[in-house]
2 protein chains.
Amino acid sequence: MPQDFTLVWTRLAEQRRRQALSVEQIVAVAIRLADAEGTQALTMRRVATEAGTGTTSLYRYVTNKDELLELMVDAVQGEREWPTPSGDWRADLTVVADGMRATMLRHPWLATELRSRPTLGPNALRQADFALAAAGGATDDITLASALLGTVANYVHGAVLAELSEREDVRSTGMTQDEWRSAVSPYVREVIIDSGNYPRVARRIFEADDLSHDQQFAFGLECVLAGIEKSVAR
Amino acid sequence: MPQDFTLVWTRLAEQRRRQALSVEQIVAVAIRLADAEGTQALTMRRVATEAGTGTTSLYRYVTNKDELLELMVDAVQGEREWPTPSGDWRADLTVVADGMRATMLRHPWLATELRSRPTLGPNALRQADFALAAAGGATDDITLASALLGTVANYVHGAVLAELSEREDVRSTGMTQDEWRSAVSPYVREVIIDSGNYPRVARRIFEADDLSHDQQFAFGLECVLAGIEKSVAR
DNA sequence: TACTAAGTGGGTACAGTGTTCCCAAGACGG
DNA sequence: CCGTCTTGGGAACACTGTACCCACTTAGTA
């Protein structure tokens, strides 16, 4: 356990002698780069080049690549303005969920970079505060409120991850979903359909309609909220 | 769009001339390594050493590290035996959810490695078939069944990710959750509590009880299932 | 049985990665 | 105006995935 443990956020407040750059600039550059070209393009060298500085100079502003990512995560969560809670907890939690999803979709690297230990940055805290306010509309029991908020957050996280990794697959394989399906269809026909080993998978492939991601997300969120309503009404 | 596109699973069936190793052995070694030392220790060189072979020899069995991961994902999903669906869809979906969670907890790298395009390996297909059977107990509409299954899967994925990344944080920082809390408590006191900017976060920190991961997971799953029940009963 | 072709194991090498170590140059307090 | 501290940033290191190549073993054929 390191004794010289200092949080990023305290160090941010300290002002420094001179600055050719600022942490904010670096973070902004990194976000722009990751948005445009994905996580794999986010190297310290690329960030430095994009920021017009030397690679190792970045380490004057940021101790780690991990720390840079932590700053990026918080910065991005500050893009959204949260309204004052309406008091209708279902509507408020929907705002939270939609907002989280929108942010993660806008910054495709965010979902995979989210860690559990709550980011203690100002923006993440503001979001957490609004989310807790929304959940607080459903119950006064703060333990229950934070449990049900966790449920919503977990669902949103999982749903967005599924949505994003489909996108990511399209990018990495260079095939759209339909192209991929037709490419694997001979294998699918032989192994899944003709073998008869996976009857419901087969039926699913043939008969199920594809919901759009919006529909799938809304359906799942509706389930979660309905379940919460029931567990709160007790 | 590559024309020479061949699935891993077809290539696996082809038998080869001689084999000092087998794909199965390599995959098993890789899984053991990743389980024990985490994703960051999973390098081709380590796998090769552990398997007692040269690094580049692995590429005779596996075209990519990504492909190795895909094989690992499927292999791990074959550890669990699925029962025959009981017909009680709530119980069956609970079995699915608990099983997915248990597998992901046993292999901490799995959750972050899951991709959306369904793994077409035999084990993943068997799991999907059971899961669809479970969901099919709730409704005959296959589109609805697969939507609600997706909701469960998304929730489970998100919940386990939260659970795992907490563990991962403990490993990477070398501090337990409690140690970390007391380490950041001065900052928390100043920025969150005393500033008064985040009243519900403050209240949460002081008053909320910590649910165990089992409790949190069960609570969330209960919400999801209750919501599904309502959306199906319509 | 001898020869050829193909497939296998694996060393070397390369382009990149995050990060540490240094040093020169500039900014600040006295 | 000087000495000290802080910056910017180049060189270098340990490490990654993997393409290329070569010697060698095997399988099939003459």
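A note on names: the letters A, B, ... follow the listed sequences, proteins ahead of strands, and every chain is numbered from 1.
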Rounded to whole angstroms, how far apart are CZ on A:R60 and P on D:dC5? 15 Å
Students often get this wrong, so: under 4.0 angstrom with heavy atoms, is B:T55 touching a base, only sugar-phosphate, or nothing? base
Testing the basics here: between B:Q216 and A:A147, what is the closest heavy-atom pair and its distance to 0.1 Å? NE2-O, 3.1 Å
Protein-nucleotide distance (B:L58, atom CG; C:dG10, atom C1'), rounded to Å: 10 Å
Between A:Y61 and D:dG8, is there a contact of a side-chain N or O with OP1 or OP2 at under 4.0 Å? yes
Between A:E67 and A:R11, is there a side-chain N and carboxylate O pair less than 4.0 Å apart? yes
Looking at residues 22-48 of chain B, who's got a heavy atom less than 4.0 Å off DNA chain D? B:L42, B:T43, B:M44, B:R45
Between D:dG8, D:dA11, D:dT18, spot the one nearest the side chain of B:K65, thanks. D:dT18
Closer than 4.0 Å, any side-chain N/O of A:N64 to the OP1 or OP2 of C:dG18? no
Round to the nearest Å and state the distance from B:L68 atom CG to D:dT16 atom C1'. 15 Å
Check every atom of C:dG9, D:dC20, D:dG9 against the side chain of A:T53 and return the nucleotide holding the closest atom. D:dG9
What heavy-atom pair brings B:I193 and B:F206 nearest, and what distance separates the two atoms? CD1-CE1, 3.4 Å
Does the side chain of B:Y198 reach to within under 4.5 Å of the side chain of A:L132, using non-hydrogen atoms? no
Can you tell me if the side-chain N/O atoms of A:S57 get under 4.0 Å from OP1 or OP2 in D:dG8? no
A:R46 and A:E37 ion-paired at < 4.0 Å: yes
Tell me, please, whether B:F217 has B:R101 positioned over its six-membered ring: NZ or CZ under 6.0 Å from the ring centre and within 45 degrees of its axis? yes
Which of A:L120, A:T119, A:L69 passes side-chain contact (heavy atoms from CB on, under 4.5 Å) with A:D74? It is A:T119
Taking the minimum atom-to-atom distance to the side chain of B:T56, which one of C:dG11, D:dG8, D:dG9 wins? C:dG11
Over how many whole Å does the gap from B:Y59 atom OH to C:dG9 atom P extend? 15 Å
